[in-house]
**Student:** 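Got a structure for you, written out below as structure tokens; questions coming shortly.
As the structure is a prediction and not an experimental result, all values here were calculated from the model. Throughout, protein chains are lettered first and strands after them, A, B, ... in sequence-line order, and every chain is numbered starting at 1.
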Number of protein chains: 2
Amino acid sequence: MKSYDYAYRPLVAVDCTIFGFRNGKLNLLLVRRDIEPRRGEWSLMGGFLQAHESLDEAAARVLEQRTGLQDVYLEQFKAFGAVDRDEAERTVTVGYYALVDQDEAEVQLSSDYAAHWVPITDVPPLIFDHNEMVEAALQRLRHRATHEPVGFELLPEKFTLTQLQSLYEAIFGTSIDAGNFRRRLRKMEYLQRLNEKDTNTSRKGAWYYQFVPEVYAMAKRNGADFLLKP
Amino acid sequence: MKSYDYAYRPLVAVDCTIFGFRNGKLNLLLVRRDIEPRRGEWSLMGGFLQAHESLDEAAARVLEQRTGLQDVYLEQFKAFGAVDRDEAERTVTVGYYALVDQDEAEVQLSSDYAAHWVPITDVPPLIFDHNEMVEAALQRLRHRATHEPVGFELLPEKFTLTQLQSLYEAIFGTSIDAGNFRRRLRKMEYLQRLNEKDTNTSRKGAWYYQFVPEVYAMAKRNGADFLLKP
DNA sequence: GCAAAAGTGTTTAATTTACACCCATGG
DNA sequence: CCATGGGTGTAAATTAAACACTTTTGC
């Protein structure tokens with residue numbers, strides 16, 4: 001039974017801004033667009049909403065179809081609805097950003113996806129309003145990363161505090177005092193030090209750490225909250 | 001020239017969570033729904049996106065058509081896209097919240113709009129996922145109000161510091177130390193004291209203040225930023 | 001004069017900041 | 001033995017929290 005008798009139905013899409021981290025740089029995963037118009041130009045990964053899925057599910061599906069990645073951190077950040085934003089046909093799109101472990105992602109990414117990582121500091125011109133979307137996604141990521149422990153999604157399971165600092169410096173584009181940064185981390189019981197060192201970058205070796213979601217959940221229930229200002 | 005050959009086109013709507021402030025209470029403007037299904041039940045103000053307008057424009061139009069209000073603060077906070085959120089037909093809706101001066105709004109609101117203010121602490125069951133939307137809008141308002149000077153949108157042009165404090169207490173549902181609150185405000189040059197007192201609530205009278213956007217814009221360029229934690 | 005809201009000041013504790021310093025080790 | 005990244009400690013400065021205090025004025 002239909003009660004709404006409106007003719008106007010725009011297309012609805014989702015677009016994913018996919019962040020990765022490697023060698024101290026925050027990166028973005030872009031693809032060459034494979035349909036007209038603008039075939040071959042740089043674009044975020046997107047797709048149209050289907051009848052059987054929610055927006056969140058659509059974003060996860062697009063991500064999996066195009067990269068093979070599952071169970072990644074995904075957050076909606078904004079809907080974009082300018083009349084002419086898509087030159088071919090009116091399309092309202094909902095922007096999501098994803099945080100992936102770039103090392104792991106690389107394994108999944110088969111070459112025919114035509115996907116490429118580019119540093120966030122050097123994003124090429126993208127189709128439509130995608131550059132604007134990237135900017136909005138980054139802003140949201142910055143905010144989320146200061147207030148919630150989502151940064152870990154960009155790192156491997158095991159990471160050193162120096163890596164973590166480097167990540168935050170990349171996200172915020174600033175440099176951080178190592179002493180102060182580490183002191184704050186030391187108070188977070190949900191950051192568990194492992195009995196293993198990373199000896200790749202120094203003679204002394206750096207302890208590996210691990211984020212333990214269960215401990216964080218408990219700390220949160222007790223009123224503690226995550227805060228890492230740049 | 002159409003390049004996309006997809007059949008699935010959901011309806012796209014916008015819904016407005018309208019906040020007002022009166023007598024120390026943060027309120028929400030609700031309407032009785034005037035179409036089936038769920039005719040007569042409490043609902044946010046919404047409407048369908050039209051061909052010629054952006055999402056932002058649609059939200060402003062819906063607000064004006066239903067309340068007569070123009071030039072109000074409107075911010076998009078989230079898109080909602082669960083498959084069955086609207087029982088009649090698949091509809092993706094984009095949530096906006098509005099901040100209005102309730103005194104001014106009351107003048108505009110003609111009675112046949114069937115609109116009613118209810119305190120945010122006592123929101124009745126709403127249709128579909130509208131209660132969830134209200135919760136999300138409130139969260140966003142709380143965040144915005146701590147980091148940007150948007151609270152003033154809920155007050156008349158001239159207001160006292162006591163009113164401002166009461167507003168923040170209502171937004172956050174906490175009580176605030178008057179001394180500390182005022183000390184922080186004293187440092188904000190863009191809060192200008194007028195040569196006029198409000199004598200309605202005390203024998204001594206309280207100075208009226210005014211928010212001066214130009215001065216704030218300049219302060220912001222110089223790196224100052226607004227911060228009012230609850 | 002006194003109640004009650006408006007408004008100021010002061011003391012103490014907690015955080016932040018900047019930096020100096022020690023540690024471990026492969027070459 | 002020393003250069004280098006890893007890691008700790010601390011003093012000074014800033015900010016936040018709690019609360020005592022003064023001011024004004026209609027009744």
**Student:** Can you tell me if B/Thr162 touches the phosphate of C/dA6, counting only side-chain N or O atoms and a distance under 4.0 Å to OP1 or OP2?
**Tutor:** yes

**Student:** Let me know the distance between CZ of B/Phe181 and P of C/dA6, rounded to the nearest Å.
**Tutor:** 13 Å

**Student:** Check salt bridge (Lys or Arg N to Asp or Glu O under 4.0 Å) between B/Lys158 and all other residues, then give those that pass, not counting sequence neighbours.
**Tutor:** B/Glu196

**Student:** Write down the distance between CG (A/Leu164) and P (D/dG5), rounded to a whole number of angstrom.
**Tutor:** 19 Å

**Student:** Applying side-chain hydrogen bond (donor to acceptor under 3.5 Å, both in side chains) as the test, list every pair that has at least one member in residues 199-209 of chain B; sequence neighbours left out.
**Tutor:** B/Asp198-B/Asn200

**Student:** Side chain of A/Thr201, heavy atoms from C-beta onward: which of D/dT8, D/dG5, C/dA6 has the nearest atom to it?
**Tutor:** D/dG5

**Student:** Identify each donor-acceptor pair in which a side-chain atom of residues 210-230 of chain B lies under 3.5 Å from a protein atom, sequence neighbours left out, and give them as a table.
**Tutor:**
residue: B/Tyr216; atom: OH; partner: B/Glu148; partner atom: OE1; Å: 3.4

**Student:** With no hydrogens and no angle check, do the side chains of A/Glu169 and A/Gln165 hold a donor and an acceptor under 3.5 Å apart?
**Tutor:** yes

**Student:** Rounded to the nearest angstrom, tell me the gap between atom CD in A/Gln165 and atom C1' in D/dG7.
**Tutor:** 11 Å

**Student:** May I have the distance from B/Tyr208 (atom OH) to C/dG7 (atom P), rounded to whole angstrom?
**Tutor:** 12 Å

**Student:** For the pair made of CZ in A/Arg182 and P in D/dG5, what is the distance, rounded to whole Å?
**Tutor:** 13 Å

**Student:** Which letters describe nucleotides 9-17 of chain C, given B = protein heavy atom under 4.0 Å from base, S = only from sugar-phosphate, - = neither?
**Tutor:** -B-----SB

**Student:** For the side chain of B/Lys204 and the base of D/dT23, is some donor closer than 3.5 Å to an acceptor across the two?
**Tutor:** yes

**Student:** Can you tell me which nucleotide in D/dG5, C/dG7, D/dG7 comes closest to the side chain of A/Ala206?
**Tutor:** D/dG7

**Student:** How do A/Ala178 and B/Thr160 order along DNA chain C: which one's closest nucleotide is nearer the 5' end?
**Tutor:** B/Thr160

**Student:** Given D/dT4, is OP1 or OP2 found less than 4.0 Å from the side-chain N or O atoms of A/Arg203?
**Tutor:** no

**Student:** Grab the CG-P distance between A/Asn200 and D/dG6 for me, whole Å please.
**Tutor:** 11 Å

**Student:** Separation of B/Gln163 atom CD from C/dA6 atom C1', in whole Å?
**Tutor:** 13 Å

**Student:** State which residues pass side-chain contact (heavy atoms from CB on, under 4.5 Å) with A/Ala13; sequence neighbours excluded, sorted by chain then number.
**Tutor:** A/Phe48, A/Thr91, A/Thr93

**Student:** Rounded to whole Å, please give me the gap between CH2 in A/Trp207 and P in D/dG7.
**Tutor:** 9 Å

**Student:** Is the NZ or CZ atom of B/Arg33 positioned over B/Trp42's six-membered ring, under 6.0 angstrom from the centre and within 45° of the axis?
**Tutor:** no

**Student:** Can you give me every donor-acceptor pair (side chain of residues 74-81 of chain A, partner residue at least two apart or in another chain, under 3.5 Å) with its distance?
**Tutor:**
residue: A/Glu75; atom: OE1; partner: A/Tyr73; partner atom: OH; Å: 3.0
residue: A/Glu75; atom: OE1; partner: A/Tyr97; partner atom: OH; Å: 2.6
residue: A/Glu75; atom: OE1; partner: A/Arg144; partner atom: NE; Å: 3.0
residue: A/Glu75; atom: OE2; partner: A/Arg140; partner atom: NE; Å: 3.3
residue: A/Glu75; atom: OE2; partner: A/Arg144; partner atom: NE; Å: 3.2
residue: A/Glu75; atom: OE2; partner: A/Arg144; partner atom: NH2; Å: 2.5

